[in-house]
Every structure is written in C-alpha cells, then in structure tokens.
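Okay, structure first, notes after.
Keep in mind that the numbers below use all heavy atoms, side chains included, and drop hydrogens, waters and symmetry copies. The shown structure was predicted, so the numbers you read here are calculated from the model rather than taken from an experiment. Just so we're on the same page: letters track the sequence lines, and every chain starts at 1.
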Amino acid sequence: MPPAAPEAPVKPPTSLVRRARKIHRVLAETYPEAGCELDFRTPFELLVATVLSAQTTDRRVNAVTPALFAAYPDAAALAAADRTAVEEIIRSTGFYRAKTDSVLGLSAALVERYDGEVPARLRDLVTLPGVGRKTANVVLGNAFDVPGLTVDTHFARLVRRFEWVDDDVAKDPVKTEHAVGALFPRRDWTMLSHRLIWHGRRRCHARKPACGACPVAHWCPAYGTGPTDPVEAARLVTTQGRA
DNA sequence: ATCCCGAGGG
DNA sequence: CCCTCTGGAT
C-alpha cells in the first residue's frame with residue numbers, strides 16, 4: 001500500500017467538528033460585538049494600522065492613525081514621507097523604528113509593484129515588508145471580503161486548549177490555520193478569529209484563565225486542568241460578564 | 001514586573 | 001529555535 005500523500009487533506013472527525021462549532025456558537029452569543037477594533041477607511045489604512053498594532057493595543061494605534069493618514073493619505077504619500085516625521089507620529093505605539101521601516105517599505109513596494117493599491121491576495125500581501133500572515137489575513141478579512149483566519153497568540157493558545165489541534169500543530173501558525181479552517185465553513189473564518197481572540201483577551205488568559213466566568217467551560221477539555229484566576233472570574237461574573 | 005490581536009533575522 | 005525591536009498601561 002503506497003504511503004499517503006504528504007499534504008493530503010484530512011477530513012476531521014465529525015465529533016470534533018460538532019464540538020468546535022458548539023463553542024463558536026456560544027462565543028458568538030457571548031461577544032456579539034466582536035470585530036475589528038482598528039479605525040480605517042481604506043484597505044491601505046487598515047494595512048498600515050495593522051502593522052502598527054503589533055505588540056500594542058488597538059486603542060493606542062487609533063490614537064495616532066488620524067494624524068498619520070491626514071499627513072499621508074495613501075501609499076505614494078507615505079512612501080515619500082520623511083522618516084523622522086513618521087517616527088514622531090507613531091512613536092507611542094512602540095517598536096517605532098522597525099514599524100517606520102515597515103510602513104515606508106510596504107508603501108514603496110505598493111507603489112512599485114501594485115500601482116499603489118493594496119493587493120487582495122494573501123500571497124501578494126505577505127511579500128510586503130513588515131507584513132506577515134497574521135497581518136495579511138486581518139486585511140483580507142476586514143478590508144476585503146476574503147475569509148481568513150488570523151492566527152495570533154490568543155488564537156493559537158485557545159485552539160490548543162480546546163484541542164481542536166494537536167500541540168505540535170498549534171506551534172505552527174500555518175498548520176493551525178489549515179487544521180482549524182477544515183472545521184468551519186469559509187464564511188465563518190473571519191468572525192471565528194475575532195471571537196476566539198476576544199475570548200482569549202477577556203477570559204482565557206495565558207497564565208491564569210478566568211475559568212469560573214467562562215461561557216464555554218462545559219465544552220473545554222482544559223477546564224480544571226491548570227491554574228485559574230478566581231478573582232478575575234468573580235469580577236467578570238459580577239459585572240454580568242460584560243465585554 | 002508583566003503584558004500588549006507580530007515580524008524579521010540569526 | 002532563539003533573539004530583538006519599544007512605549008505605555010496596569
């Protein structure tokens with residue numbers, strides 16, 4: 001019997017699909033307002049804002065992007081910008097030198113290779129400097145209507161705790177994307193990402209998850225297996241678990 | 001101290 | 001796989 005093709009698509013077991021979709025349904029009810037929190041008007045603005053959002057909060061990015069886009073409304077303008085001026089505008093978002101390199105570089109690449117327009121394909125987006133798979137999928141999912149899973153640290157941690165993927169898969173964002181993508185219809189991918197990430201930020205923290213206030217504890221294989229945060233859980237419960 | 005919805009480089 | 005890049009909020 002010949003060995004299976006290396007990347008042959010594996011159909012996930014029905015029980016896993018049902019378990020995963022149940023959790024997604026509950027998360028959708030728990031976080032009805034989940035979505036992209038970056039302010040943007042164009043794909044270009046979202047692309048730049050997403051690059052700036054690395055290792056910072058969306059709120060801090062939203063505080064600087066109005067000034068940034070007023071001065072540099074498109075790729076051509078930002079590509080021609082003075083580096084120091086951009087650094088000053090985005091300084092408060094952290095990593096500002098690397099981020100300035102990225103946004104100037106990606107703007108130049110957009111002008112040179114895409115006539116200043118943001119491409120709506122993953123394989124094009126990830127060739128831009130400072131744009132990785134996560135950033136690319138944020139732009140695809142929120143600025144274009146292209147479904148994409150945004151596998152960030154929260155997403156990876158949660159799908160591991162839910163045991164939607166094996167531990168070795170969870171360590172690899174691309175494998176994670178494919179494995180989780182196989183559990184859900186494409187149209188759910190973008191909102192699934194938002195809901196997982198919101199849940200990761202609000203309850204299912206890395207160190208001490210608030211399992212006592214968790215809406216999906218009943219379906220979580222990791223429930224009761226690790227350290228939890230009773231104080232945070234109590235706070236979330238008494239505040240009606242409001243996001 | 002610790003954490004933030006990352007990406008690139010060695 | 002490791003490291004670095006950075007300021008601000010808590």
Side-chain angles (χ1 to χ4, degrees), chain A residues 24 27 30-31 33-40 45-65 67-68 83-84 86-109 122-143 147-161 167-177 180 189-210 227 229 231-232 235-236 239 243:
Chain A
H24 181 214
L27 293 181
T30 307
Y31 310 111
E33 74 282 32
C36 179
E37 297 189 281
L38 292 168
D39 297 333
F40 69 96
E45 289 190 356
L46 180 59
L47 176 56
V48 172
T50 307
V51 168
L52 298 184
S53 75
Q55 290 299 297
T56 323
T57 61
D58 290 349
R59 198 162 39 81
R60 272 179 271 159
V61 174
N62 290 337
V64 305
T65 44
L68 184 65
R83 173 175 303 274
T84 306
V86 173
E87 285 181 354
E88 284 175 16
I89 295 172
I90 71 168
R91 178 181 313 276
S92 62
T93 67
F95 294 118
Y96 66 91
R97 277 180 291 244
K99 287 176 181 175
T100 298
D101 282 345
S102 295
V103 296
L104 295 191
L106 78 84
S107 296
L122 183 67
R123 50 179 168 275
D124 294 326
L125 285 165
V126 295
T127 67
L128 301 168
V131 181
R133 207 177 171 85
K134 186 264 177 180
T135 299
N137 275 137
V138 168
V139 172
L140 289 174
N142 298 287
L149 292 172
T150 52
V151 182
D152 69 345
T153 55
H154 296 303
F155 188 110
R157 180 176 71 254
L158 266 62
V159 299
R160 189 183 54 215
R161 285 180 175 164
D167 281 1
D168 59 323
V169 171
K171 288 177 196 152
D172 182 340
V174 178
K175 288 182 185 170
T176 299
E177 213 184 298
V180 176
W189 287 359
T190 300
M191 287 309 296
L192 171 68
S193 301
H194 284 132
R195 290 159 185 157
L196 286 176
I197 292 166
W198 278 52
H199 184 58
R201 293 183 64 187
R202 283 151 219 264
R203 314 266 150 106
C204 196
H205 307 141
R207 307 279 182 105
K208 290 179 121 189
D229 188 341
V231 176
E232 176 71 352
R235 189 185 70 77
L236 289 167
T239 56

- Message: Using the side-chain heavy atoms of A:R59, tell me which of these nucleotides is nearest: C:dT6, B:dC5, C:dA9.
- Response: C:dA9
- Qualifying residue for side-chain contact (heavy atoms from CB on, under 4.5 Å) with A:V61, from A:L38, A:D39, A:V51, A:T50: A:L38
- Nearest-angstrom distance from the residue atom CG of A:L47 to C1' of B:dC5: 16 Å
- Message: Using whole Å, what does the distance between atom P of nucleotide B:dC3 and atom NE2 of A:H154 come to?
- Response: 12 Å
- Task: Please measure how far the C1' atom in B:dC3 lies from the corresponding atom in C:dT6, and state the result in whole Å.
- Result: 13 Å
- Flag as yes if A:F95 stacks onto the base of C:dC5 (centroids under 5.5 Å, planes under 30°), otherwise no. no
- Message: I need the CD1-P distance between A:I89 and C:dG7, as an integer number of Å.
- Response: 17 Å
- Message: Is the phosphate of C:dT6 approached by A:T56 (side-chain N or O, under 4.0 Å from OP1 or OP2)?
- Response: no
- Rounded to whole Å, the CD1-C1' distance (A:I90 to C:dG8) equals 15 Å
- Message: For a quick test of reading the model: is some side-chain N or O of A:T135 closer than 4.0 Å to OP1 or OP2 of B:dA7?
- Response: yes
- Paired with A:T93, the side-chain contact (heavy atoms from CB on, under 4.5 Å) test is passed by just one of A:T65, A:T57, A:V64, A:L68, namely A:V64
- Message: Given B:dC4, B:dG6, C:dG7, identify the nucleotide with an atom nearest to the side chain of A:T57.
- Response: B:dC4
- Task: Kindly point out which of C:dT6, B:dC5, C:dG8 is positioned nearest to the side chain of A:R201?
- Result: B:dC5
- Taking A:N62 for the side chain and A:E37 for the main chain, is one N or O donor matched with an acceptor at less than 3.5 Å? yes
- Note on the structure: Out of C:dG7, B:dC5, B:dG6, minimum distance to the side chain of A:A54 belongs to B:dG6
- Atom pair distance, as rounded to whole Å: CG in A:L158 and P in B:dC5: 13 Å
- Query: Reckon A:R60 has a side-chain N or O less than 4.0 Å from the OP1 or OP2 of C:dG7?
  - Reply: no
- Query: What interatomic distance, in whole Å, is found between P of B:dA7 and the corresponding atom of C:dG8?
  - Reply: 22 Å
- Task: Not counting sequence neighbours, which residues clear ring pair (Phe, Tyr, Trp, His ring centres under 6.0 Å) with A:H154? List them please.
- Result: none
- Item | N/O (side chain, A:R207) to phosphate O (OP1/OP2, B:dC3) under 4.0 Å | yes
- Message: Expressed as a whole number of angstroms, how long is the span from A:L125:CG to B:dA7:P?
- Response: 12 Å
- Note on the structure: The nucleotide from B:dC5, B:dC4, C:dG7 with an atom nearest the side chain of A:D58 is B:dC5
- Steps toward side-chain contact (heavy atoms from CB on, under 4.5 Å) verdict (A:N137, A:L149): CA-CA 6 Å; A:N137 275 137; A:L149 292 172; 5.5 Å; no
- Task: In whole angstrom, give the distance that lies between atom OH of A:Y96 and atom C1' of C:dG8.
- Result: 14 Å
- Item | First of A:V131 and A:A206 reached from the 5' end of DNA chain B, by closest nucleotide | A:A206
- When all nucleic acid strands are considered with a 4.0 Å heavy-atom cut-off, which category describes A:S193: base, sugar-phosphate, or nothing? nothing
- Side-chain donor/acceptor of A:T190 to backbone N/O of A:P147, under 3.5 Å: no
- Query: A:D101 CG to B:dA7 C1': how many Å, rounded?
  - Reply: 12 Å
